[in-house]
Protein chains: 2
Amino acid sequence: MVSIKDVAESAGLSVATVSRALNGHPSVSDDARERVQAATDSLGYRPNVVARSLRTHRTGTIGLVISDVLNPYFTELARAVEEEARELGYSVIIGNADERADLEDHHVRGLLDRRIDGLLVSPADGRSPMTLEAATGPTPVVFVDRWIPGVDVPVVRSDGRTAIADLVDHLHSLGHRRLAIIAGPAATTTGRERVDAFRAGLAVHGLALPEEYVGSGDFQAESGRACTERFLNLPEPPDVIFATDNLMALGALDAIGARGLRVPRDIALAAFDDIPWFSHTDPPITTIAQPTAELGRVAVRALADLIAGSPASSTVLPAHLVVRRSCGEPAQQGSHT
Amino acid sequence: MVSIKDVAESAGLSVATVSRALNGHPSVSDDARERVQAATDSLGYRPNVVARSLRTHRTGTIGLVISDVLNPYFTELARAVEEEARELGYSVIIGNADERADLEDHHVRGLLDRRIDGLLVSPADGRSPMTLEAATGPTPVVFVDRWIPGVDVPVVRSDGRTAIADLVDHLHSLGHRRLAIIAGPAATTTGRERVDAFRAGLAVHGLALPEEYVGSGDFQAESGRACTERFLNLPEPPDVIFATDNLMALGALDAIGARGLRVPRDIALAAFDDIPWFSHTDPPITTIAQPTAELGRVAVRALADLIAGSPASSTVLPAHLVVRRSCGEPAQQGSHT
DNA sequence: TCCGATCATGTAATCGTTTCCACGAGACGC
DNA sequence: GCGTCTCGTGGAAACGATTACATGATCGGA
């Protein structure tokens, strides 16, 4: 591997001058600059970022720890993060926690060891010691999508509450009265928020959310299936199931299909998170869409601010209801009022 | 940040001994080992992997450059790669090329600059100079899914040819005679292979593949839509469209739906790559499934071999046909024969 | 003409590790 | 009792960059 020393030798200059020329330092003569250019070209020199990082204490890298790469929501988030980061001159290292606290721990630790300049994390829950440590440590941290209550770290997320209220209104207007929810892990903020908002929405219509209509999922497909089966086995099954993420909705679809039931004729289904596939399922799924890419971009900018030393603020972006056909046809279809 | 020097001081030992203790070197007394342990614990010491890498020329990291993170096929591949790599003690840095040669270049260059120990890449086509350079350079490289002909690098991929032949047989047996294909970029090996196999399959049945039945896509949804629209505008539209990846199939579904046509009644659809959503589309899509996760694992092991100095061999795993309902009901349904 | 400022460059310290080499202390064989 | 080995340890040189400081040349102004 050719090093800066080789370039210096070939250009007949000291490594210091070569380094300065390479970094665009002002006091380098045109002559030297050209010689360095020629030398790097002919030798095919590429600076060793490892050595550079050791000296400068900067790696030009940010870490992103997400809960589940297989979830299209997080994939889209990751893509937006990488895009924005690239424009700001950062690389991104992604860690997939797979909804497991131990893996989240593993990745956060690994990223800190790598001396990333900043960390973006969607904490599975508060049970990852490393995430807590990172949040209070010297490395800038921003939470995205989910956060840990009581931890003083900027959060970039979307607020699904009004959208969930809209959803409940929608369901109610379609005549549904027995509404069930497949919740995410109670330990995650998004998991709790969605159940709370759902319950509040029901209360507006004078409806309760009985305990047996609350399924405890883990944001993965299999749990959606299990909860749905439990719902369908109830003496009085719900009219609607609201899955609080897209993978659990997929599991619910599976379970419903396995019973030979049809959506929305036999049971209605709604989901949180919109993804392209939801327009193509049978039937297309009514969902709550988050401004996912925007979340990613804003989070990166907040982190970059933090790295630059300026304080970053939290951001909350609104989610909105997307009505499709999985909850039944709108009642006002025939009545134009 | 606490360094090995602080640990040495606190333990009353030299940095050399501390380093040896930390790395499990045999000739360290139990006494020293314990003192080091105590010191690291109390100081919360974490080794600086940047410095370590500079000295050892190893980063414990492999790079993975994939064509499109939004494609569930690659997401699953990435997940399997990370999993296997983690078990072998490596971290993975993912670069998303978004089917663009310039981005592939960018990521390959960045990863090499980072001095990764090895590189896994699914080359978009042969037009990325850095990929070619990397393939012939000192850093171990393994191609996964796609490869560059003529470049001497181990390849881990699946062979879709027999599965495509099965698919054509299946379509033929359902009575379809006008078969169209949405191809991937001709520059990608997978793009070419799938068209060639399709054409060969048709030839077996005495059918031709007219030029107007070959759409040139780019493995992304929008191109699937565009090609499908072109097909539907033909004076004699095809009976079946075979999309050579899942995103183009999604685009095709869009285009078909936009015309108010139904699958498979009006036109049949098949795809390459199986993903969970395909069981839930309307109708469920007949596809060719690759052993995606297995590909990722094998590729990582091949790369690890290469890094360890042993020669790695190429691997080809078979893909297989998964029949669902998007191409019509099996003819023998009513005739039990 | 001389002095101080400016400019281009070089020398060397530094970042935090690993690892080669040297060294002293025991153990052991003869 | 004396070389020879082994073992545990420490000193110091890398690794490849950046950068504070020193130096000599050039230039402008008084």
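The sequence lines fix the lettering, A, B, ..., with proteins before strands; numbering per chain opens at 1.
- Rounded to whole angstrom, the span from the CD atom of A:E9 across to the C1' atom of C:dG10 amounts to 15 Å.
- Summarising the geometry, the separation between CZ on A:R55 and P on C:dT17 is reported as 16 Å, rounded to the nearest angstrom.
- Neither side chain, A:R114 nor A:T61, offers a donor N or O lying under 3.5 Å from an acceptor on the other.
- Contacts of A:S19 with the nucleic acid, taken as non-hydrogen atoms under 4.0 Å apart, include base atoms.
- For B:S3, no side-chain nitrogen or oxygen approaches OP1 or OP2 of C:dG16 to under 4.0 Å.
- The NZ atom of B:K5 sits 13 Å away from the P atom of D:dA12 (whole-angstrom rounding).
- Following rounding to the nearest Å, A:H57 (NE2) and C:dT17 (P) show an atom-to-atom distance of 11 Å.
- Ion pair B:E99/B:R146 flagged as a salt bridge, since at least one NZ, NE, NH1 or NH2 atom sits closer than 4.0 Å to an Asp/Glu carboxylate oxygen.
- As judged by a 4.0 angstrom heavy-atom cut-off over every strand, A:V28 is placed among residues touching the sugar-phosphate backbone only.
- A:E294 and A:R297 are joined by a salt bridge, as a carboxylate oxygen and a charged side-chain nitrogen come within less than 4.0 angstrom of each other.
- Put simply, CZ on B:R115 is 11 Å from C1' on D:dC15, counting in whole angstrom units.
- One finds a salt bridge joining A:R35 and A:D31 here, because a Lys/Arg side-chain nitrogen approaches an Asp/Glu carboxylate oxygen to under 4.0 Å.
- You'll find that the side chain of A:R52 is closest to D:dT18, out of C:dT17, D:dT18, C:dT9.
- The side chain of A:N48 contributes no N or O atom lying less than 4.0 Å from OP1 or OP2 of D:dC15.
- Taking CG of B:D6 as the reference point, atom CE of B:M1 lies at 10.0 Å (rounded to 0.5 Å).
- In the set D:dA17, C:dT18, D:dG10, the nucleotide with an atom closest to the side chain of B:I4 is C:dT18.
- If you measure from atom NE2 of A:H25 to atom C1' of D:dC21, you get 13 Å, rounded to the nearest angstrom.
- Note: CG (B:L54) to P (C:dG16) measures 12 Å, nearest angstrom.
- We find that CG of A:N23 is positioned 11 Å from P of D:dA17, with the value rounded to whole Å.
- The residue among B:T56 and B:A32 whose nearest nucleotide of DNA chain D lies closer to the 5′ end is B:A32.
- Of the side-chain N and O atoms in A:T17, none sit less than 4.0 angstrom from OP1 or OP2 of C:dT9.
- Counting any heavy atom pair closer than 4.0 Å across all strands shown, B:S27 reaches a base atom.
- Residue-to-nucleotide contacts include a donor-acceptor pair under 3.5 Å from the side chain of A:R20 to the base of C:dG10.
- In terms of phosphate contacts, B:S29 brings a side-chain nitrogen or oxygen within less than 4.0 Å of OP1 or OP2 of D:dT9.
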